[in-house]
Enquirer: 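Structure below; questions to follow.
Here the structure is a predicted model, which is why all the values come from computation and not from measurement. Just so it is clear: chains get the letters A, B, ... in the order the sequence lines come, proteins before strands, and each one is counted from 1.
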Amino acid sequence: MATRSADYDFSQIEPTWQKIWEDNNTFQAAAPGPQPKYYILDMFPYPSGAGLHLGHCENYTITDIMARYKRARGFNVLYPIGWDAFGLPTENYAVKTGRHPADVTKENVATFRRQLKSIGVSYDFDREVDTTDPKYFRWTQWIWLQLFKRGLAYVQDKPVWWCPALGTVLANEEVIDGKSEVGSHPVERRPVRQWVLRITAYADRLLAGLKDLDWPDSTKRMQEAWIGRSEGSEVDFDIADLPGERLRVFTTRVDTLYGATYMVVAPEHALVPRLTKPAQQAAVDNYIKAAASKSDLERTELAKDKTGTFTGSYAINPANGQKIPIWIADYVLASYGTGAIMAVPAHDERDFAFAQKFALPIPQVIAPADGSAVTLPFIEKGGSVVLVNSGECTGLTPAQAKERLDARFAAQGRGKATVQFKLRDWLFSRQRYWGEPFPIVWVSEADYRAVVAAHGSKLLVPTAPVTCTIDGTVRYALPIPESALPLQLPTVKSYQPTGTGESPLAAIPEWIEIWYHPATGESVPSSQPQPGAGWIRARRESNTMPQWAGSCWYYLRYLEPDNASTLASKQALNYWGVPDLYVGGAEHAVLHLLYARFWHKVLFDEGVVPTDEPFRKLFHQGIILGEDGEKMSKSRGNVANPDDIIRDYGTDTLRLYLMFLGPLEAMKPWNPKGIEGVHRFLRSIWREVVGEDGNLSAKVVAGPETDAQTERLLHATIKKVTEDIEGLRYNTAIPAMMVLRNHLQKADRVSRATIRAFLQILQPFAPHLASELWDRLGETTPIHTAAWPVADESKLVASTVKLVIQVNGKMRSDAMVAPDAAEADVLTLARADAKVAAHLDGKTLRKVIYVPGRILNLVVG
RNA sequence: GCCCGGAUGGCGGAAUGGCAGACGCUGGGGACUUAAAAUCCCCUGCCCGCAAGGGCGUGUGGGUUCGAUCCCCACUCCGGGCACCA
């Protein structure tokens with residue numbers, strides 16, 4: 001089976017073992033059974049045309065080492081890979097070349113798969129999934145229909161980046177400094193009909209669920225901040241000249257209500273037209289126009305200078321009946337809270353800046369309890385502060401005042417304690433071709449009601465119909481039957497943008513405009529005659545799903561990628577559950593991980609999955625920087641190419657070096673010289689086992705280890721490597737093995753048993769070399785089936801240990817003593833030591849600190 | 001501005017209250033060789049000293065402790081994230 005080379009010829013050894021693994025389906029996960037499982041997952045790769053980079057190699061080596069280790073520990077390991085293949089780069093390539101994105105995807109996937117195999121990753125390639133495969137996206141569409149049914153999907157006009165010159169809608173990342181990335185054309189915001197998912201309905205659960213997850217703290221905090229839960233109060237303000245109309249605000253400081261001297265509404269607030277008095281009309285119109293043309297960047301980054309204009313209207317402060325002016329300003333966001341605020345300039349920095357600029361009054365209503373003076377704005381709300389100038393609330397603490405005011409307004413039907421989130425609903429559609437089509441059709445209200453009456457029980461219809469207006473007509477979203485899934489993409493002649501902002505699908509009338517059979521989902525182009533009774537006129541959705549869709553649930557499909565009747569069987573879901581370890585970049589800390597958690601919770605509510613969190617343990621690998629410490633990029637010319645490194649050193653060396661560079665989670669620069677060190681390490685292990693003639697080295701002797709020191713070091717190394725793998729500290733496991741290698745190299749002979757164990761702990765890191773040498777040792781069963789060696793603690797205890805002797809905390813000498821030597825004995829020993837005695841001479845011993853087996857510290861003075 | 005992470009030799013890093021610098025790279029010296037490569041051995045934080053030895057040293061300043069890279073306080077710089085969220 002193995003190669004015959006006398007030297008460490010990795011270029012022969014590595015492909016040999018890769019072929020053996022492939023031919024034998026070595027890493028196929030076993031079917032659910034009594035064996036304990038371990039499910040390890042890499043973040044879903046996008047198969048770009050550029051192929052694998054070092055970051056991929058790092059990510060996949062981390063998980064591969066864990067997978068190989070867990071197999072050796074007796075787990076049934078599920079370690080799959082697949083392709084998140086829908087997406088913009090492929091579509092843009094199709095636009096440029098006219099080639100079908102599916103063909104391009106196939107080629108890119110083939111390249112990725114070949115490269116993955118060349119780094120020796122032990123994936124179960126039988127379980128590959130591809131989001132663009134109709135057999136896969138059938139279930140993406142099915143899950144989406146569950147969301148639709150539960151009222152979690154709706155349609156709304158949302159602003160997108162529109163580039164008139166390119167005639168297309170751009171993604172955020174395609175807009176750089178207010179210009180299109182391609183061609184630097186100006187872009188503008190334009191409202192487009194979009195699908196939106198009601199992720200905010202799950203905000204509380206997404207927040208609460210974080211608590212028990214074994215995730216990096218920073219990632220949890222980022223999700224927390226993104227969800228942005230904020231406790232406060234809603235209060236309705238009456239409007240002076242608009243009886244019956246009220247202006248609702250959200251505030252976290254209702255206690256400061258007596259200090260509210262004006263109100264601000266966002267320029268987009270619905271009440272603006274009615275609040276604006278004729279005298280202010282021109283100024284307000286101008287202000288709204290100016291605010292609308294500002295980019296998000298200008299509205300946020302140039303935030304220091306407050307702008308705004310008075311509407312002419314007044315509100316009544318419900319606390320004290322005072323008339324206060326209502327202003328419009330873009331420092332209030334339409335999308336948060338109620339889009340309107342009560343401004344308390346004395347106790348809010350933003351309101352303070354605004355009030356100063358426009359000369360509005362700034363009365364203080366919070367003061368230190370001890371009566372000391374403060375400078376405004378004074379933000380403190382905890383500690384010992386009390387309300388002042390606040391009528392009946394004067395003297396109360398902020399917490400007491402909040403309670404009192406909330407209760408008072410609740411009794412009046414004017415307000416209540418409430419909670420707000422920063423999290424927004426999720427814009428879930430793209431005006432693109434290369435994505436999953438939405439499995440609905442748009443029909444008339446009459447047809448919708450008739451179909452729901454006739455077939456509603458068999459369709460996934462929501463309680464409240466989802467409607468939108470297309471070409472001035474109100475349409476109803478009718479789900480296609482589950483039996484009609486998947487809804488496939490039509491072939492198009494051109495992937496060019498339509499020029500209208502709609503997807504290329506909108507330019508295929510025979511696909512968009514159809515006769516539709518609601519019970520079967522069949523359709524024919526509307527240009528043909530109506531096929532028969534019960535067929536209705538319908539229009540398909542031209543938007544497609546975003547790339548997130550396929551990556552929100554792929555970890556479930558790996559359990560049973562070929563299951564045609566369900567996304568995964570109960571048996572598989574109960575056995576494999578969710579990944580035990582999920583590894584990928586921190587750049588997905590918020591979006592992907594939040595979206596997937598949302599979908600998973602919906603599937604849990606639907607009874608599809610048995611748990612309500614998808615990723616219990618998460619790990620982010622750090623970025624590999626270029627030699628110059630900068631991010632690797634073609635333009636900087638500091639890119640290290642994995643293919644070149646594998647050619648020069650072999651993949652075992654590459655894998656080992658990537659893990660050796662530093663802590664797995666740290667950002668670390670690539671040093672092309674350092675790789676020589678780990679390569680030498682592997683070569684010297686080869687020489688320990690294989691003699692110059694290619695036969696087993698004469699140094700390797702049969703039988704158990706006879707050298708006690710070697711045995712102790714071996715067991716210490718096994719212990720260290722085992723613990724470091726479990727703790728994802730591979731960077732310290734490798735030096736431990738190097739120390740053992742250094743020791744063995746100096747020995748005259750080494751037992752076969754020692755070499756055997758050494759190869760076993762090396763195996764996850766350098767699987768090709770370890771497999772080859774294992775074979776050369778004459779082992780007949782594969783190394784990855786051998787049970788992981790266990791460190792024998794009894795072999796680790798030494799009869800004597802080095803005790804460090806300090807005088808006044810400075811190390812002066814050491815002595816070999818029994819680990820449990822008595823204090824009196826070591827003290828005698830220390831006094832007899834000339835180096836110690838010199839520092840004790842003429843001084844009084846004040847204190848003795850003795851930690852057996854570690855240190856003796858003599859304090860003198 | 002707010003939140004988080006980090007700072008250790010020429011370089012990547014190790015040590016989580018007890019010998020600072022494991023391991024690797026780089027550099028220097030030596031062995032082997034006709035020579036080179038490969039390989040092997042020794043040295044390689046800074047300062048004083050022929051040496052033995054001594055002093056200093058983990059971004060800065062303080063503190064706790066018999067003892068601090070490690071814990072606490074204040075600060076500087078670097079990296080990441082968020083950013084008018086009322």
Enquirer: Look through every strand shown and name the nucleotide pairing with rC75(B) as Watson-Crick or G-U wobble, where both distances are under 3.5 Å.
Expert: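 Checking every strand shown, rC75(B) finds its partner in rG59(B), with both distances under 3.5 Å.
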Enquirer: Hey, mind stepping through Lys719(A) and Glu723(A) against salt bridge (charged side-chain N to carboxylate O under 4.0 Å, His left out) and telling me if it holds?
Expert: CA-CA 6 Å; Lys719(A) 186 177 154 78; Glu723(A) 288 170 356; 3.3 Å; yes
Enquirer: According to the Watson-Crick and G-U wobble definitions, with both distances under 3.5 Å, which nucleotide is paired to rG18(B)?
Expert: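 Partner of rG18(B): rC66(B).
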Enquirer: For the P atoms, the ones on rU69(B) and on rG63(B), what distance do you get once it is rounded to whole angstrom?
Expert: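 The same atom, P, in both gives a distance of 15 Å.
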Enquirer: Using the salt bridge (Lys or Arg N to Asp or Glu O under 4.0 Å) definition, which of the options Lys699(A), Arg749(A), Arg683(A) pairs with Glu688(A)?
Expert: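 Considering Lys699(A), Arg749(A), Arg683(A), a salt bridge (Lys or Arg N to Asp or Glu O under 4.0 Å) with Glu688(A) is found only for Lys699(A).
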Enquirer: Using the P atom as the point on both nucleotides, what is the distance between rA22(B) and rG45(B), in whole Å?
Expert: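 Those two atoms are separated by 8 Å.
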Enquirer: With a 4.0 Å cutoff (strictly under), does any side-chain N or O of Lys422(A) reach OP1 or OP2 of rC84(B)?
Expert: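 No, no such contact exists.
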Enquirer: Take atom C1' in rU16(B) and the same atom in rG67(B), then report the distance between them in whole Å.
Expert: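 Nearest-Å result for rU16(B) against rG67(B) at atom C1': 15 Å.
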Enquirer: Step through it carefully: locate the ring centre of Phe660(A), locate the ring centre of Phe681(A), and say whether they are under 6.0 Å apart.
Expert: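 No.
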Enquirer: Paired with rG24(B) by Watson-Crick or G-U wobble geometry, both distances under 3.5 Å: which nucleotide is it?
Expert: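 Across any shown strand, rG24(B) pairs with rC11(B).
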Enquirer: Look at Asp236(A) together with Arg414(A) and state whether they make a salt bridge at an N to O cut-off of under 4.0 Å.
Expert: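 No salt bridge links Asp236(A) with Arg414(A).
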Enquirer: Base, sugar-phosphate, or nothing for Arg846(A), non-hydrogen atoms under 4.0 angstrom?
Expert: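 No contact.
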Enquirer: In sequence, state the C-alpha distance, the side-chain angles, and the governing distance for Lys668(A) and Glu58(A), and then conclude on salt bridge (charged side-chain N to carboxylate O under 4.0 Å, His left out).
Expert: CA-CA 11 Å; Lys668(A) 43 214 171 234; Glu58(A) 183 193 20; 3.0 Å; yes
Enquirer: Starting at the 5' end of RNA chain B, which residue's closest nucleotide do you reach first, Arg221(A) or Ser684(A)?
Expert: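 Its nearest nucleotide lies further toward 5', so the answer is Arg221(A).
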Enquirer: Does rA86(B) have OP1 or OP2 under 4.0 Å away from a side-chain N or O of Arg253(A)?
Expert: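 Checking Arg253(A) against rA86(B): no side-chain N or O falls below 4.0 Å of OP1 or OP2.
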Enquirer: Give the B/S/- string for nucleotides 14-27 of chain B, one per nucleotide from 5' to 3', where a protein heavy atom under 4.0 Å of the base yields B, of only the sugar-phosphate yields S, and otherwise -.
Expert: SS--BB--BBSSS-
Enquirer: Let me know the distance between CG of Asp255(A) and P of rA86(B), rounded to the nearest Å.
Expert: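 Whole-Å distance recorded here is 14 Å.
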Enquirer: Please determine if Lys357(A) and Asp305(A) form a salt bridge, counting it only when a charged side-chain N lies under 4.0 Å from a carboxylate O.
Expert: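 Yes, Lys357(A) and Asp305(A) are salt-bridged.
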Enquirer: Which nucleotide sits closest to the side chain of Arg812(A): rU39(B), rG54(B), rA86(B)?
Expert: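 The nucleotide sitting nearest to the side chain is rG54(B).
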Enquirer: Does a side-chain N or O of Gln420(A) approach OP1 or OP2 of rA86(B) to a distance below 4.0 Å, or not?
Expert: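 No, no such contact exists.
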Enquirer: Measure the distance from CG on Asp330(A) to C1' on rA83(B) and round it to the nearest whole Å.
Expert: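 Distance check: Asp330(A) CG to rA83(B) C1' gives 15 Å.
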Enquirer: Find which nucleotide of RNA chain B each of Asp348(A) and Asn808(A) is nearest to by heavy atoms, and output the residue with the more 5' nucleotide.
Expert: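 The residue closer to the strand's 5' end, by nearest nucleotide, is Asn808(A).
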Enquirer: On the nucleotide rA86(B), are OP1 or OP2 found under 4.0 Å from the side-chain N or O atoms that His347(A) carries?
Expert: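 Looking at the OP1 and OP2 atoms of rA86(B), neither is under 4.0 Å from any side-chain N or O of His347(A).
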Enquirer: Measuring to OP1 and OP2 of rG81(B), would you say a side-chain N or O of Ser218(A) lies under 4.0 angstrom away?
Expert: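 For rG81(B), OP1/OP2 do not have a side-chain N/O of Ser218(A) under 4.0 Å.
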Enquirer: Out of rG54(B), rC66(B), rG79(B), which nucleotide sits closest to the side chain of Met667(A)?
Expert: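 Selected nucleotide: rG79(B).
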